[in-house]
Amino acid sequence: MSKTLTGIGASSGIAIAKAFLLETPDLTVEKTEPEDQAAEEKKFDDALASAKGELEKIKEKTLNDLGEEHAEIFSAHLLVLSDPEFVDAIRGKIRDENVNAGYGVKEVSDMFVSMFENMDNEYMQERAADIRDVSKRVLAHVLGKKLVSLAEIDEEVVVIADDLTPSDTAQLNGEFVKGFATDIGGRTSHSAIMARSMEIPAVVGTKEVTGEAEFDTMMIVDGIEGTVIVDPTEDEINLYRKKQEEFAAKKKEWAKLVNDATESEDGHHVELAANIGTPDDLEGVINNGAEGIGLYRTEFLYMGRDELPTEEEQFEAYKKVISDMDGKPVVIRTLDIGGDKELPYLDLPKEMNPFLGFRAIRLCLEKDDMFRTQLRALLRASAFGNLKIMFPMIATLEEFRQAKEILFEEKDKLKADGTDVSDEIEVGIMVEIPSTAVMADTFAKEVDFFSIGTNDLIQYTMAADRMNERVSYLYQPYNPAILRLVKMVIDAAHNEGKWAGMCGEMAGDEVAIPLLLGLGLDEFSMSATSVLPARSQISKLSRAEAEEAAKKALDMETADDVKAFIEETFPSEVI
Ligand code: PEP
Ligand code: MG
């Protein structure tokens, strides 16, 4: 009988196909005292070599199919297998405690996994998944078992798994794998990110899909709504086939807009830009017709390594993004580390409230050398296109002035050395702290632009930690309190002849878009795959009507009232 499960829509689209259960073979091991200890060590060494060989192949395939950024995950896996601390700990266990190879692998990897899981840092916690993934591969080889291979799928299926590891995801063949659903995972897990770039509909975090589905059970995965239907009725299949066709038709329509400017029905132009984390994301930006880059989160360049990136490395990354965008605006944000994004190699003391702590510009102003290195790389790259520099987490005017002064000092030094630096660089700030939104009129006299970071602005305004799911109901982009702050920032910019953008998640939100258009936002920056639907939505909106609606929303009582009103007034773009 049909059963509907709810999860998190990780990648939009609808898939209807039979289930392929990605079951892990039984990898349980008992502890034994082997007669031939050398043979156990050899067994481990052989398994290690086979696992490395497999990973090299997967890495190669990923590099070809998905690009460097995704392939890096497997470099990280290979690094685990080459890490003497990890490998020697296993050998030591087998030798010193005279245990079988499988037990040695299991014990040591469990220990490392729990060590990483207990670290107070999302990035390090994610590394636990890498170690688990890689150890499973080695253990399967030790035990002579075969991991179910997704690469062998040769008919249309929906993959069902407890979790999909990055190596599983890389093996998904888009021709046959129509979608996937998992028990665990969130929107930002590696597999969700990969699903979005592969455009495979996916729902993660259903908690129970593996318990409900069997091999060949018919499945519907609705990545738009975040639901999974196990064993759907004929009527449900027909309904979703129609939805699927509608979505495909929508995508085709959206694709036609790839080279268009973004204009409301009554001819008001806004700019639709994309957010990126690395130069590898550029392909998606260009394919989806973004008119610029509204936020390049440079911190990813600093993460997943054990020392600061050099000026040269940074220069190359920034130059690539700026020149590939071919004169289109590129807003690069200086390092925003701290909060949930830590850099272990900076060795910073633990904080009680990291989101209210030593973060972003606060840290850069103190670690002057590190900041200057980044600024020099940016200034040098500015000669290759249309760069705008943005400082994150600005709370006071003094912080902005200090940051700008350091920037100009470096600029003068470079120019004195004869280095080519653009004289057209705009310098702006993220508005993500309420004090700055409230003082926007004063800031507007000194900045070239604002970009509203609603992910943080909402967490600070509502006093609700963005990482804590128990208070996630307070993430209320439509709350009139937020709308009023957004209006203050936009009006302040316009009064001084400056522009105001938004690069928080709210900018790509279907309900928020009419409100933001009505409030006069000039630039909307969002994930690349949201650009075309947003362009389509805006082309059907009248700026005058949106203005009218925004005015009403500002006077409403609750976020729910605003949402209901917008949904009633403006039709939905995505089905
Ligand atoms: C924001 O706070 O809205 C933002 C875009 O920055 P981040 O999500 O990187 O904190
Ligand atoms: Mg932020």
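Please read these numbers as outputs of a predicted model, since none were measured by experiment. Counting starts at 1 for both ligands and their atoms, in listed order.
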Any N/O pair Asn455/ligand 1 closer than 3.5 Å: yes

Going by the atom numbers of ligand 1, which of them fall below 4.0 Å from some non-hydrogen atom of Gly504? 3 (O), 5 (C)

Beyond-backbone contact of Tyr302 with Gln374, side-chain heavy atoms, under 4.5 angstrom: yes

With a 4.0 Å cut-off, would you call Asp423 and Lys411 a salt bridge? yes

The answer for which part of Leu295 has a heavy atom under 4.0 Å from ligand 1 is side chain

Check: Glu307 main-chain N/O paired with Arg305 side-chain donor or acceptor under 3.5 Å: yes

Does even one non-hydrogen atom of Met430 get within less than 4.0 Å of ligand 1? yes

One residue to check: Arg297. Relative to ligand 1, which of side chain, backbone, both or neither has a non-hydrogen atom less than 4.0 Å away? side chain

To the closest 0.5 Å, what do you measure between CZ (Arg484) and CG (Asn479)? 9.0 Å

For a 4.5 angstrom cut-off between non-hydrogen side-chain atoms, does Leu295 reach Ile332? no

Close to the Mg ion (ligand 2), meaning under 2.8 Å, how many protein N, O or S atoms are there? 2

Would you say Ser527 and Ser530 are linked by a side-chain donor-acceptor pair, where the criterion is simply a distance under 3.5 Å? yes

With side-chain hydrogen bond (donor to acceptor under 3.5 Å, both in side chains) as the criterion, how do Tyr478 and Asp509 come out once you've worked through the C-alpha distance, each side chain's angles and the decisive distance to 0.1 Å? CA-CA 10 Å; Tyr478 327 126; Asp509 179 311; 2.8 Å; yes

Could you tell me if any non-hydrogen atom of Arg359 lies under 4.0 Å from any atom of ligand 1? yes

Ring-face cation of Lys498 near Phe449 (centre distance under 6.0 Å, axis angle within 45°): no

Please determine if Arg359 and Asp336 form a salt bridge, counting it only when a charged side-chain N lies under 4.0 Å from a carboxylate O. yes

Check ligand 1 against Cys503 and write out every atom of the ligand that is under 4.0 Å from a heavy-atom position of the residue. 5 (C)

Over 12 non-hydrogen atoms of neighbours within 6.0 angstrom of CD in Glu446: yes

Can you pull out the closest protein heavy atom to atom 6 (O) of ligand 1? Residue, atom name and distance to 0.1 Å, please. Arg333 NH1, 3.0 Å

